[in-house]
Visitor: 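Sharing a structure here in structure tokens format.
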Amino acid sequence: MTTILVVEDDRSLNKGIALTLAQDGVTIRQVYDVAGAEMLLKAEKVDLVLLDINLPDGSGLDLCEQIRRESRIPIIFLTANDLEIDIVTGLELGADDYITKPFSLMVLRARVMAVLRRLEPQEREKLIYGDLELDFERLEFHRRGQALALSRTECKLLRTLVHHPGQILTREQLMDQVWSGEAEFVDENALTVTIKRLRAKLEDEPSAPEYIKTVYGLGYVWAAEGGGSR
């Protein structure tokens, strides 16, 4: 469950924002001044704050500075102050975004969702095939517990194959993916050489490959079973 705090003294706009952002998995808390925001932040866990700058009992800038002394909660300013110095000040105080009024509620929603997506933990792309462990996020590859050193080109080719398991990829498709934008200037033999080097590092018997198989006259296929991540 994600909790968004809307700190906006214009009650009509506050309601419109709440209605726009309301959806399954999102709780909206609405307050209309600095005091209300301070009370709610002490009482509840909040995942994002939408903060007006000009509030009836104080400045959103001061509240932002206060929040930043204690937390890294994302803050998006909503304000009619559209001077460059105001925007720079807001961002320097630690705001994650700054939206000037008037604004489209749908644009606001898109920008809020973009900030929330950045908070989501990224799943590591670590795949297991028998005695192979392929971690494309960290660019770490192991075979039987021993580290494999892959070149940038070998890594791109392996990733392309792994992401299309059981699918025959033509030489042209692989060339385009691995040498994107440069394929027409690359010697066609480069793919053959890279495949050979990968097999030498991944396979028990490179001449009778288990993982990267040749489909004569068509291309290559990643034929390994498994691939469960962890």
Visitor: CG/Leu108 to CD1/Ile99 distance, rounded to the nearest 0.5 angstrom?
Guide: 4.5 Å
Visitor: Work out which heavy atom in Ala200 is nearest to a heavy atom in Pro206; give both atom names and the distance.
Guide: CA-CG, 4.0 Å
Visitor: Side chains of Arg171 and Tyr220: any donor to acceptor distance under 3.5 Å?
Guide: yes
Visitor: Within a strict 4.5 Å, meaning less than it, do heavy atoms of the Leu116 and Ile4 side chains meet?
Guide: yes
Visitor: Dump the intermediate steps for salt bridge (Lys or Arg N to Asp or Glu O under 4.0 Å) on Asp47 and Arg29, then the final yes or no.
Guide: CA-CA 11 Å; Asp47 298 292; Arg29 294 285 183 256; over 6 Å; no
Visitor: Of all the heavy-atom pairs spanning Asp33 and Pro56, show the shortest one and how long it is.
Guide: CB-CG, 4.0 Å
Visitor: From the options Lys15, Gln30, Lys101, select the one residue that forms a side chain to side chain donor-acceptor pair (under 3.5 Å) with Glu8.
Guide: Lys101
Visitor: Determine, step by step, whether Leu158 and Phe136 satisfy the side chain to side chain contact (heavy atoms under 4.5 Å, CB included) criterion, reporting the C-alpha distance in whole Å, the side-chain angles of both residues, the deciding distance to 0.1 Å, and the verdict.
Guide: CA-CA 10 Å; Leu158 179 59; Phe136 288 101; 4.0 Å; yes
Visitor: Let me see the working for Val178 and Leu191 under side chain to side chain contact (heavy atoms under 4.5 Å, CB included), right down to the final yes or no.
Guide: CA-CA 9 Å; Val178 178; Leu191 178 60; 5.6 Å; no
Visitor: If you count the non-hydrogen atoms of other residues, nucleotides and ligands that lie under 6.0 Å from CD in Glu84, is the total more than 12?
Guide: no
Visitor: Please determine whether residues Val215 and Leu157 belong to a single hydrophobic cluster, defined as Ile, Leu, Val, Met, Phe, Trp and Tyr linked transitively by side-chain heavy-atom distances below 4.5 Å.
Guide: no
Visitor: Should Arg143 and Asp204 count as side-chain neighbours, where that means a heavy-atom distance under 4.5 Å?
Guide: yes
Visitor: Rounded to the nearest 0.5 Å, what's the gap from CZ on Arg199 to NZ on Lys213? Could you check?
Guide: 10.0 Å
Visitor: Determine whether Ile76 and Leu105 fall in the same hydrophobic cluster, where Ile, Leu, Val, Met, Phe, Trp and Tyr are linked whenever their side-chain heavy atoms lie under 4.5 Å apart.
Guide: yes
Visitor: Just verifying a value: how many Å separate His164 NE2 and Gln173 CD, rounded to the nearest 0.5 Å?
Guide: 8.0 Å
Visitor: Heavy-atom distance under 4.5 Å between the side chains of Arg159 and Lys156, does that happen here?
Guide: no
Visitor: For Glu203 and Glu210, indicate whether the former's side chain and the latter's backbone hold a donor-acceptor pair under 3.5 Å.
Guide: yes
Visitor: Between CG of Leu48 and CE of Met113, what distance do you get to the nearest 0.5 Å?
Guide: 8.0 Å
Visitor: Do Leu19 and Ile28 come close enough that some side-chain heavy atom pair is under 4.5 Å?
Guide: no
Visitor: Of all heavy-atom pairs between Ile168 and Gly219, which one has the smallest distance, and what is that distance?
Guide: CG2-N, 4.3 Å
Visitor: Pair Leu202, Tyr129 - check side chain to side chain contact (heavy atoms under 4.5 Å, CB included), show working.
Guide: CA-CA 10 Å; Leu202 305 179; Tyr129 296 95; over 6 Å; no
Visitor: Mind checking what makes side chain to side chain donor-acceptor pair (under 3.5 Å) contact with Thr100, not counting sequence neighbours?
Guide: none
Visitor: For Asp57 and Ala35, indicate whether the former's side chain and the latter's backbone hold a donor-acceptor pair under 3.5 Å.
Guide: yes
Visitor: If you group Ile, Leu, Val, Met, Phe, Trp and Tyr by side-chain heavy-atom gaps below 4.5 Å, do Met175 and Leu218 land in one group?
Guide: no
Visitor: I'd like to know if the side chain of Arg68 reaches the main chain of Ser71, judged simply by a donor and an acceptor atom lying under 3.5 Å from each other, with no hydrogens or angles considered.
Guide: yes
Visitor: Do His163 and Gln177 make a side-chain contact, defined as non-hydrogen atoms from C-beta onward lying under 4.5 Å apart?
Guide: no
Visitor: Members other than Ile73 in its cluster, when Ile, Leu, Val, Met, Phe, Trp, Tyr link by side-chain heavy atoms under 4.5 Å?
Guide: Leu5, Val7, Val31, Val34, Leu40, Leu41, Val46, Val49, Leu51, Ile53, Leu55, Leu61, Leu63, Ile67, Ile75, Phe77, Ile87, Leu91, Leu93, Tyr98
Visitor: Are the side chains of Thr194 and Leu174 in contact, using a 4.5 Å heavy-atom criterion?
Guide: no
Visitor: Got a sec: does the CZ of Arg197 have more than 12 other heavy atoms crowding it under 6.0 Å?
Guide: no
Visitor: Heavy atoms only: give me the nearest Asp9-Tyr32 pair and the separation to one decimal.
Guide: CB-O, 3.4 Å
Visitor: Nearest 0.5 Å, what's the CG-CG distance between Leu50 and Asp97?
Guide: 10.0 Å
Visitor: Are side-chain heavy atoms of Val115 and Val112 found at a separation under 4.5 Å?
Guide: no
Visitor: Rounded to the nearest 0.5 Å, what separates atom CG in Asp52 from atom CG in Leu13?
Guide: 8.0 Å
Visitor: Is there a side-chain contact between Thr153 and Trp179, using heavy atoms and a 4.5 Å cut-off?
Guide: yes
Visitor: Tell me, with the steps shown, if Thr2 and Gln23 meet side chain to side chain contact (heavy atoms under 4.5 Å, CB included).
Guide: CA-CA 10 Å; Thr2 298; Gln23 59 179 297; over 6 Å; no
Visitor: Search all heavy atoms of Cys155 against all heavy atoms of Phe141 and return the closest pair with its distance.
Guide: SG-CZ, 3.7 Å
Visitor: Which heavy-atom pair separates Lys201 from Leu148 by the least distance, and what is that distance?
Guide: O-CD2, 3.6 Å
Visitor: So for atom CE, which belongs to Met39, do other residues, nucleotides or ligands contribute more than 12 heavy atoms lying within a distance under 6.0 Å?
Guide: no
